[in-house]
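Structure first, then comments.
In what follows, residues are counted from 1 in the order of the sequence shown. All values reported here derive from a predicted model rather than from experimental measurement.
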Amino acid sequence: MTLVLERMYDVYREYMVERRDMRSAHLPLAGSPWPLMLLLATYLYGVLHAGPRFMAQRKAYDLRKVIRVYNIVQVLINSVIFLWIVIKMFVVYRDYNFSCQVCNYTSDYRGMEEMYLSYSYFLLKVLDLADTVFFVLRKKQSHVSFLHVYHHTMMVIGSYFGMLYVPGGHAIMLGIWNTLVHAVMYLYYFVSSYGSQYSGWWKKHLTHMQLLQFVHLAFHFGIPLFFNRECKFPRFWMGVGFLQALFILGLFMDFYIKSYVVKRKEQ
């Protein structure tokens, strides 16, 4: 038993101390993984068990004003990060390599800029967890689907480990797509809170945009993974990005078929 514990500690120290990017180790939630694990465990227990039991004998909370403010904050933050990345990568530096962009682990201005962008994106994914909490408090537990909870949880975990090992580089395309889609998505949520007559036509096109995102990301990670052996971006993270894009694409395709194709036939 002692040998097992020693081995576990050695593995933990190797991957969470020696091999990680230490430039972000001093930042909140970016150092030890335990606070983040506690946060995610609380989130999952709360939205899947404690929250529904708490709301069982209570009326749904009216959170329209709170959610409208939250949606506008999400639109602004996602738009700022999206524009910052696009302007810096394609206007200022103009050296982004779509087939293989390596990470900058230096402590110069650009290296630190990409690290802080990666950290900002991670915090944004933590903020996204509030979506599920709002569903529970509004007694919309049917919205707390496997796709919803899995996607939110994995985005937090993925962005955390991405920040630790591959902050920026080839993975920055995920940030570009995700912040763009979320800026549009939360704008849709804000507008639709005033009535479906203002936003009914958005929903299907928003799903199309999400599907396009994951198709492109599958190619973005898959092409260098399988056809560019000389790429210095870690192949393990190429594989993670490729498989995750395919898996989420499959879940969104299932949602799209059930929401639009099947319902249209029934109507």
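- Ring pair His170/Tyr96 is parallel by interplanar angle, where below 30° counts as parallel and above 60° as perpendicular.
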Start with the C-alpha gap between Val47 and Phe135, add the side-chain angles, then the distance that decides, and say whether side-chain contact (heavy atoms from CB on, under 4.5 Å) holds.
CA-CA 9 Å; Val47 301; Phe135 283 149; over 6 Å; no
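- Tyr45 and Met154 are not part of a single hydrophobic cluster, where members link through side-chain heavy atoms under 4.5 Å apart.
- Within the 4.5 Å cutoff, the side chain of Val136 has heavy atoms near those of the Gln141 side chain.
- The same ILVMFWY cluster, assembled from side-chain heavy atoms under 4.5 Å apart, contains both Val166 and Phe236.
- Going from atom OG of Ser120 over to atom NZ of Lys125 covers 12.0 Å, rounded to the nearest 0.5 Å.
- When each of Arg19, Arg13, Arg20 is checked for a side chain to side chain contact (heavy atoms under 4.5 Å, CB included) with Val17, only Arg13 meets the rule.
- Residues Gly169 and Glu114 approach most closely at N-OE1, 3.3 Å, considering heavy atoms.
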Check step by step if side-chain contact (heavy atoms from CB on, under 4.5 Å) holds for Thr207 and His205.
CA-CA 5 Å; Thr207 306; His205 297 300; over 6 Å; no
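- To the nearest 0.5 angstrom, His216 atom NE2 is 9.0 Å from Ile176 atom CD1.
- Looking at His152, its side chain does come within 3.5 Å of a backbone N or O of His148 through a donor-acceptor pair.
- For Phe219, the CZ atom is loosely surrounded, since the number of other residues' heavy atoms within 6.0 Å does not exceed 12.
- Taking both residues in full, the closest heavy atoms of Pro167 and Asp21 are given as CG-OD2, 3.4 Å, listed atom of the first, atom of the second, then distance.
- Here the shortest heavy-atom pairing between Val126 and Leu39 reads CG1-CD2, 3.8 Å.
- Asp254 contributes no side-chain N or O that, together with a main-chain N or O of Gly250, makes up a donor-acceptor pair within less than 3.5 Å.
- When the side chains of ILVMFWY residues are joined at heavy-atom separations under 4.5 Å, either directly or via intervening members, Val80 and Phe90 end up in two distinct hydrophobic clusters.
- At least one donor-acceptor pair closer than 3.5 Å links the side chain of Arg23 to the backbone N or O of Gly111.
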So Tyr61 and Met55, side-chain contact (heavy atoms from CB on, under 4.5 Å) or not? Walk me through it.
CA-CA 9 Å; Tyr61 288 96; Met55 294 301 299; 3.6 Å; yes
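- When all heavy atoms of Cys231 and Met238 are compared, the closest pair comes out as SG-CE, 3.7 Å.
- Contact of the Leu211 side chain with the Leu249 side chain is registered, since non-hydrogen atoms from C-beta on lie closer than 4.5 Å.
- Counting non-hydrogen atoms of other residues, nucleotides and ligands closer than 6.0 Å to CE of Met22 gives a total above 12.
- Judged purely by distance below 3.5 Å, without hydrogens or angles, the side chains of Asp95 and Gln101 never pair a donor atom with an acceptor atom.
- One distance of note links CG of Leu174 with CD of Gln213; it measures 7.0 Å at 0.5 Å rounding.
- With Tyr105 contributing its side chain and Tyr165 its backbone, the two residues share a donor-acceptor pair below 3.5 Å.
- Ring-plane geometry between Phe122 and Tyr160 is classed as tilted, the angle between the planes lying from 30 to 60 degrees on a 0 to 90 degree scale.
- Rounded to the nearest 0.5 angstrom, Ile223 CD1 and Phe98 CZ are separated by 12.0 Å.
- Between atom CE of residue Met115 and atom SG of residue Cys103 there is a gap of 12.5 Å, rounded to the nearest 0.5 Å.
- Ring orientation note: the planes of His182 and His151 are close to parallel, at an angle under 30° on the 30°/60° scale.
- Looking at Met163 and Leu27, their side chains never come closer than 4.5 Å, going by heavy atoms from C-beta outward.
- For the residue pair Tyr43 and Thr153, no side-chain donor N or O sits within less than 3.5 Å of a side-chain acceptor on the partner.
- The distance from the CG atom of Leu212 to the CG atom of Leu217 is 9.0 Å, given to the nearest 0.5 Å.
- Criterion: ILVMFWY side-chain heavy atoms under 4.5 Å apart, direct or through other members. Under it, Ile157 and Leu38 are not part of a common hydrophobic cluster.
- A cation-pi contact, defined as under 6.0 Å to the ring centre and within 45° of the axis, links Arg58 to Phe54.
- Each of Phe242, Tyr150, Phe252, Phe214 was scored for a ring pair (Phe, Tyr, Trp, His ring centres under 6.0 Å) with Phe247, with one residue passing: Tyr150.
- When all heavy atoms of Tyr119 and Ala30 are compared, the pair lying nearest together is CE1-CB, 3.9 Å.
- Smallest separation of non-hydrogen atoms from Thr179 and Phe82: OG1-CB, 3.3 Å.
- Heavy atoms of other residues, nucleotides or ligands lying less than 6.0 angstrom from CZ of Arg64 number 12 at most.
- Note on ring orientation: taking the six-membered ring where Trp is involved, the planes of Phe161 and Trp237 are parallel (angle under 30°, cut-offs 30° and 60°).
- Between Tyr70 and Tyr186, a ring centre-to-centre spacing shorter than 6.0 Å is recorded.
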Let's go through Val156 and Asp128 carefully: what are the C-alpha distance in whole Å and the side-chain angles of both, what is the deciding distance for side-chain contact (heavy atoms from CB on, under 4.5 Å) to 0.1 Å, and is it a yes or a no?
CA-CA 9 Å; Val156 173; Asp128 288 352; over 6 Å; no
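- Under a hydrophobic clustering in which Ile, Leu, Val, Met, Phe, Trp and Tyr are joined whenever their side-chain heavy atoms come within less than 4.5 Å, directly or via other members, Leu83 and Val92 fall into the same cluster.
- The backbone N or O of Ser193 lies less than 3.5 Å from a partner atom in the side chain of Arg68, making a donor-acceptor pair.
- At least one donor-acceptor pair under 3.5 Å links the side chain of Asn78 to the backbone N or O of Gln74.
- Under the 4.5 Å side-chain criterion, counting only non-hydrogen atoms from C-beta, Lys88 is not in contact with Leu117.
- Residues Ile248 and Gln210 form no side-chain contact, since every pair of their non-hydrogen atoms from C-beta on lies 4.5 Å or further apart.
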